[in-house]
Amino acid sequence: MQTQEITYREAVVAALQEEMRRDPRTLIMGEDIGPSGGPFKTCQGLYEEFGHARVRDTPIAETGFVGAALGLAITGYRPIVEIMFADFLGVCFDQIVNGIAKHRFMSGGQFAVPVTIRAIGGAGLRFGPQHSTTAESWFMSVPGLKIVCPSTPAEAYGMLKSAIRDDDPVLVLEHKALLSSKGHVPVGSDQTQPLTGPRVLRPGRDATVVASLAMVPRALAAAEKLAAEGIEAEIIDIRALRPMDLTPVFESVRRTNNLVTVEEQAKLGGWGAEVAAQVTSEAFDHLDSPPLRVGLPEYPVPYSPPLEDSVLPSPEAIAAAVKSLL
Amino acid sequence: MQTQEITYREAVVAALQEEMRRDPRTLIMGEDIGPSGGPFKTCQGLYEEFGHARVRDTPIAETGFVGAALGLAITGYRPIVEIMFADFLGVCFDQIVNGIAKHRFMSGGQFAVPVTIRAIGGAGLRFGPQHSTTAESWFMSVPGLKIVCPSTPAEAYGMLKSAIRDDDPVLVLEHKALLSSKGHVPVGSDQTQPLTGPRVLRPGRDATVVASLAMVPRALAAAEKLAAEGIEAEIIDIRALRPMDLTPVFESVRRTNNLVTVEEQAKLGGWGAEVAAQVTSEAFDHLDSPPLRVGLPEYPVPYSPPLEDSVLPSPEAIAAAVKSLL
Amino acid sequence: MKASRRSKAAAKKAPREQAAKAQAPAGSLVGKGHNRAVPPLDKAKRLALFEMMVKIREFEEQVQRSYLEGLVHGTTHLCQGQEGVAAGANLALADGDYVSYTYRGHGHCLARGMEMETAYAELFGRATGLCNGLGGSMHFTDIAKGLIGAAGIVGGGLPAAVGAGLSAQLNGRGQVSAVFFGDGSVNIGAFHESMNIAQVWRLPVIFICENNLYGEFTRINFTTPFEDLTERAKGYAMTAVQVDGNDVEAVYCTTAEAAERARAGDGPTFIECKTYRHRGHSRTDPAKYRDPAEVEAWLARDPIPAYRAKLVKEGLLTQKEAERMVEEAKAEVKAAADRAAAAPWPDPQQNFTAKMFA
Amino acid sequence: MKASRRSKAAAKKAPREQAAKAQAPAGSLVGKGHNRAVPPLDKAKRLALFEMMVKIREFEEQVQRSYLEGLVHGTTHLCQGQEGVAAGANLALADGDYVSYTYRGHGHCLARGMEMETAYAELFGRATGLCNGLGGSMHFTDIAKGLIGAAGIVGGGLPAAVGAGLSAQLNGRGQVSAVFFGDGSVNIGAFHESMNIAQVWRLPVIFICENNLYGEFTRINFTTPFEDLTERAKGYAMTAVQVDGNDVEAVYCTTAEAAERARAGDGPTFIECKTYRHRGHSRTDPAKYRDPAEVEAWLARDPIPAYRAKLVKEGLLTQKEAERMVEEAKAEVKAAADRAAAAPWPDPQQNFTAKMFA
Ligand SMILES: Cc1ncc(C[n+]2csc(CCOP(=O)(O)OP(=O)(O)O)c2C)c(N)n1
Ligand SMILES: Cc1ncc(C[n+]2csc(CCOP(=O)(O)OP(=O)(O)O)c2C)c(N)n1
Ligand SMILES: [Mg+2]
Ligand SMILES: [Mg+2]
């Protein structure tokens with residue numbers, strides 16, 4: 001297939017542009033996404049092509065415009081909203097959880113709710129405690145939502161396209177530290193990526209490492225280090241948090257007999273617990289040792305560089321975790 | 001010790017009244033909690049005793065008055081807020097997560113944040129999809145918050161007193177289906193209950209069942225049924241979700257070799273996953289079978305009685321889950 | 001830089017600039033009563049208004065009875081006393097318009113044509129219910145009739161109503177989005193963000209505030225700086241009109257006028273309907289917190305007898321006909337409730353995934 | 001029933017009734033300029049105002065330089081051009097008052113006495129930083145000086161400011177809670193709920209809105225129905241005053257008057273300060289979205305040269321003295337930044353639990 005090497009940011013823009021060309025019922029709303037193309041430039045050029053009618057700068061009112069997306073969706077449109085920093089999902093939590101995620105069910109299934117919520121989260125850029133969350137677990141226990149977390153330009157492109165085409169609400173958690181990362185993307189194609197299921201990125205026989213978002217490249221780097229020591233870690237990108245189909249992880253652990261999860265948030269209440277619990281029930285007899293979870297400490301992401309660096313799991317720390325199981 | 005048999009509701013009122021008498025810096029804010037004593041009568045008589053200055057009916061503005069609690073707390077008061085239905089925690093999620101839980105840390109620890117947030121949640125009363133959540137997992141991944149979930153009048157009394165005396169933010173998740181349940185409470189005493197750690201309510205050798213809130217009495221009922229069949233289930237009330245000290249659960253599982261968790265929310269992303277994961281790492285070699293999680297299905301709590309009843313784990317279902325492990 | 005934007009977006013004659021226009025708000029109509037410009041109602045329509053109020057009243061009374069019979073579960077929020085708003089406003093709306101409301105929305109749905117039997121079936125939690133028993137009293141939704149949904153969260157439905165308004169504006173077919181909510185809802189963030197967005201984008205949204213003076217058990221003066229909520233609309237430079245919510249024709253005319261403006265592209269309107277709920281906030285509330293004198297004064301202003309007297313006085317209705325309408329309504333709600341009570345319970349084994357995902 | 005409540009709460013002469021009073025709002029002072037009633041400033045205070053603006057300006061310029069040197073990390077939101085608001089308003093506040101602000105809060109903290117070295121150390125992420133390097137540019141907090149915190153979430157700090165206001169009211173010691181925020185913040189729910197609560201409870205809160213015409217890259221006319229934000233205050237019946245934010249004395253007088261009212265128990269005030277930020281929204285923003293003519297016009301209204309000219313004209317300051325103040329400020333910020341740059345990094349192994357829990 002035809003691919004181009006572009007950045008994660010460009011992949012997001014391409015997916016938005018292509019899907020907005022494909023379906024006139026789509027439109028996007030968010031703060032400073034119009035003529036300015038978005039604070040993270042993830043909407044570059046959309047306003048020029050589609051105009052204000054379909055690319056809307058909103059007031060600073062996440063509750064208002066995210067809730068508006070619900071009204072648009074049940075009356076025939078396919079709205080996309082951009083949440084500038086995933087931290088701000090807290091401001092519109094009610095609209096997402098009590099509104100968007102439940103409205104179809106409460107009505108007895110009278111309509112579809114094709115809303116795509118994009119939120120750019122994550123640490124590593126020195127944005128401090130209120131601008132660095134991935135918000136991966138905030139909505140983990142909310143039935144009705146689909147949650148995906150692309151770690152590469154190709155996933156960002158393919159999963160965003162799928163999310164926009166999907167008839168149900170999808171929360172797409174992007175990561176600001178990945179925006180400039182490059183990768184091969186089938187731009188201009190119809191090649192979408194599934195909204196569920198993890199992906200094995202690197203095969204290995206000794207241990208299974210499941211990671212998300214910016215922890216994926218770190219896990220891959222850890223695998224490199226381990227390989228140098230003759231340890232083969234299988235690296236799996238979890239990709240989707242809700243619903244969570246872990247079949248490939250079960251298969252992997254049945255082979256490697258060891259599991260390590262790596263997430264960019266506190267472990268307590270994180271998705272790593274869910275993966276560990278499910279793997280334990282599905283591959284109980286294959287586990288040589290209990291699953292090991294790697295995550296952030298029990299405090300917010302600090303601003304100071306050495307402190308922020310210290311809370312983010314390093315390739316070394318991930319490698320050490322893997323070795324501690326063997 | 002001197003105890004009285006009172007309801008969970010009366011226990012909440014007693015704890016509030018006693019702590020407000022004890023410390024003049026305490027005050028409570030919420031909707032209709034003044035002369036009306038609260039929609040669930042959990043503030044009965046407080047307005048008459050303490051007046052508007054310390055018992056405040058607020059506008060319908062959870063973001064405003066929950067955020068105001070932060071301002072009060074860091075300037076010398078010890079505010080308590082009542083969230084009428086735990087579902088409404090979604091409206092003030094940002095204030096709790098980005099404000100109350102982080103403010104001390106972001107300041108470098110310059111002050112204490114003695115805020116107590118009481119939220120009345122849970123299903124079983126036919127309140128339908130937007131008024132039946134326990135919200136147990138919404139804040140599970142938020143460092144800085146302490147989260148407790150009392151299941152008896154004594155716990156409601158003792159843990160609320162501890163929460164109010166605690167110098168850090170505490171989220172107290174109460175359950176509306178338990179409000180009229182009765183139990184012996186050391187009213188008028190200084191007997192508080194710890195804000196962490198589970199409690200073994202019924203000893204048993206065959207399996208460990210960990211439950212919360214309204215699932216606790218159901219688990220106890222299940223134990224009764226099992227006992228009739230000669231199966232001894234150890235019933236543990238998890239009591240606290242954050243921080244989560246599971247030592248007694250580990251000890252229990254090391255004896256029973258089996259674990260079942262029962263929570264009133266979807267399993268995916270629930271606290272049961274955390275308990276299962278931690279037990280697996282701490283008591284791996286003692287588990288005869290993988291932990292089993294019981295919870296709600298992947299949709300909101302429906303209004304129709306037979307449907308609501310069907311989604312709530314029954315004593316029979318809990319007993320069956322235990323038996324499936326033996 | 002505005003200039004450059006204009007050129008850039010010229011092709012689309014950027015409605016963004018229209019938003020900018022919002023700076024100079026349409027001359028505010030803040031004031032009492034309605035605009036005589038709206039053509040007078042013919043006899044049929046006026047009788048229909050009366051009949052609709054009666055139907056809503058009887059529907060709610062039956063809900064109360066069914067509740068006591070144990071057929072209705074959980075809680076309900078009835079609207080006796082506020083029928084004038086639901087009946088009057090809905091008459092001014094057209095097919096294709098969008099209507100949303102709150103947990104106190106039975107009246108709005110009935111006025112919009114919701115079938116009584118499916119409504120009762122929903123209240124009774126039956127499979128044949130409007131929402132298959134999944135939503136209950138607080139979540140009546142009937143998308144086929146433009147009834148896009150009820151908010152159980154105060155203010156929670158307003159943003160969606162604004163979204164429906166944007167939908168209408170984009171469709172360009174002259175639809176409007178009307179949303180009903182209470183006085184207590186004007187103090188929450190969702191209301192604010194919705195009002196501002198609707199005004200800045202000049203959306204065809206009609207904000208209909210039913211000011212019944214209470215939010216649950218607390219009187220408006222304890223939660224809001226004024227009792228005239230048109231005052232709040234000033235903060236958005238939104239056209240605002242105050243009307244006697246117990247005068248069904250006044251509500252109709254005011255809403256019709258707002259709808260005209262909205263369909264003409266002149267943006268949103270805030271309508272404050274002064275009214276009162278005869279019963280407590282919800283079924284468990286005896287409403288002891290209200291001043292008996294206040295209750296008495298408002299019961300004396302019951303919209304139904306008032307309109308009945310007016311129609312009789314004008315010779316459009318005889319007491320006998322009025323009685324018959326009431327009797328028919330009583331019979332209709334009774335029959336609908338009886339049929340609903342005989343409906344089957346939903347099957348807990350059904351495929352709920354289909355209810356969750358399209 | 002109000003009567004019954006009164007009797008019930010008589011013992012506490014229920015301030016609840018005071019809330020009710022809010023219905024009849026204090027005669028609104030909506031209008032331009034400030035009230036001459038405030039006693040004129042003496043020479044020392046006027047020179048101090050000038051000096052403070054200069055310090056803030058130089059502090060921010062140094063932040064920019066340090067940024068380019070790689071000493072400041074992540075992002076920063078500078079306030080060059082808005083010094084008049086921070087300096088003027090803070091002079092009207094007293095020890096014991098509470099002050100809160102946003103990520104664009106360096107100026108407010110400096111005017112309140114924050115030490116430059118600890119501020120730079122915080123920006124540089126050092127252990128000696130104001131918040132030990134945990135918060136950074138967006139979260140300056142100095143509780144000892146009443147600097148209760150900065151909101152990184154737009155509008156997010158307003159409810160806490162209202163809480164501090166309630167704290168002040170309960171203390172009964174005549175304190176006030178002043179909160180600074182931007183024009184873009186008036187469209188979010190937290191602002192609305194805070195304004196309403198403060199007015200209904202007549203809290204001693206001063207809402208100081210710095211209207212610099214932009215929220216990030218979007219001009220006010222695209223997000224708000226008007227450019228005069230005193231219009232919004234009308235929706236709360238709150239006393240509102242508009243003032244030239246680039247006239248430091250006008251800001252002082254207006255704030256002093258609002259503080260007087262607040263301390264006297266007359267409730268909150270909304271102050272709109274018309275101003276402009278000289279730089280982009282944050283360090284990565286070249287601010288291309290602004291009309292060059294608009295920028296030019298505002299640069300010509302720079303509050304510092306304007307006030308300097310005024311003081312010189314009135315013979316209170318010579319050009320030479322002014323120059324020296326600027327030089328001293330430059331030297332002070334440079335020295336503070338240099339010392340901060342030499343400070344140690346925080347220890348990743350420290351006990352963070354102590355930072356989290358009291
Ligand atoms: C966010 C939120 N807070 C609180 C409630 C509980 N509650 C339900 S109705 C109500 C009063 C609403 O009053 P109003 O808006 O005047 O509507 P009315 O009931 O008078 O029709 C309250 C506080 C809620 N549903 N949502
Ligand atoms: C809830 C929320 N939404 C969006 C943002 C991103 N953001 C940060 S500053 C800002 C603009 C705020 O403008 P204004 O209130 O005028 O303050 P100014 O920056 O002009 O001082 C935005 C949108 C945020 N911090 N919080
Ligand atoms: Mg009301
Ligand atoms: Mg601004």
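Quantities reported herein were computed from a predicted structural model and do not represent experimental measurements. Values below: every heavy atom of this structure, side chains too, minus hydrogens, waters and symmetry copies. Chain identifiers are assigned alphabetically (A, B, ...) following the order of the sequence lines, protein sequences preceding nucleic acid strands; residue numbering begins at 1 within each chain.
- Shortest non-hydrogen contact noted between C/Ile188 and B/Ala61 is CG1-CA, 4.5 Å.
- Taken from CD in C/Gln349 to OG in B/Ser310, the straight-line distance is 7.0 Å, to the nearest 0.5 Å.
- Among B/Pro297, B/Pro129, B/Gly64, the residue making the largest number of heavy-atom pairs under 4.5 Å with chain C is B/Pro129.
- Note that the OG1 atom of C/Thr75 and the CG atom of B/Leu125 stand 10.0 Å from one another [nearest 0.5 Å].
- Note that the CD atom of C/Glu216 and the CE atom of B/Met84 stand 4.0 Å from one another [nearest 0.5 Å].
- Residue C/His281: no heavy atom, backbone or side chain, is found under 4.5 Å from chain B.
- Between the side chain of C/Thr223 and the backbone N or O of B/Pro59, no donor-acceptor pair lies under 3.5 Å.
- From C/Met138, atom CE reaches atom OH of B/Tyr303 across 9.5 Å, with rounding to the nearest 0.5 Å.
- Under the 3.5 Å distance criterion, the side-chain polar atoms of B/Asp32 are matched with a main-chain donor or acceptor of C/Phe217.
- Contact annotation for C/Asp347: only backbone heavy atoms (N, CA, C, O) come within less than 4.5 Å of a heavy atom of chain B.
- Within the 4.5 angstrom heavy-atom criterion, only side-chain atoms of B/Val91, from C-beta onward, approach chain C.
- Looking only at heavy-atom pairs under 4.5 Å with chain B, the residue among C/Ser185, C/Gly156, C/Gly152 that has the most is C/Gly152.
- Around the CD atom of B/Glu316, the shell of radius 6.0 Å holds more than 12 heavy atoms that belong to other residues, nucleotides or ligands.
- One distance of note links NZ of C/Lys355 with CG of B/Leu307; it measures 10.0 Å at 0.5 Å rounding.
- Only the side chain of B/Phe88 comes within contact range of chain C, with at least one heavy atom under 4.5 Å from a heavy atom of that chain.
- Heavy atoms closer than 4.5 Å to chain C are found in both the backbone and the side chain of B/Pro39.
- Of the two parts of C/Ala190, neither the backbone nor the side chain holds a non-hydrogen atom closer than 4.5 Å to a non-hydrogen atom of chain B.
- In this structure the side chain of B/Pro300 reaches within 4.5 angstrom of the side chain of C/Met356, judged on heavy atoms.
- Within the 4.5 Å cutoff, side-chain heavy atoms of C/Trp345 are placed close to those of B/Ser304.
- Contact of the B/Arg126 side chain with the C/Val72 side chain is not registered, since no non-hydrogen atoms from C-beta on lie closer than 4.5 Å.
- For the pair C/Ile153 and B/Gln130, the minimum side-chain heavy-atom distance is below 4.5 Å.
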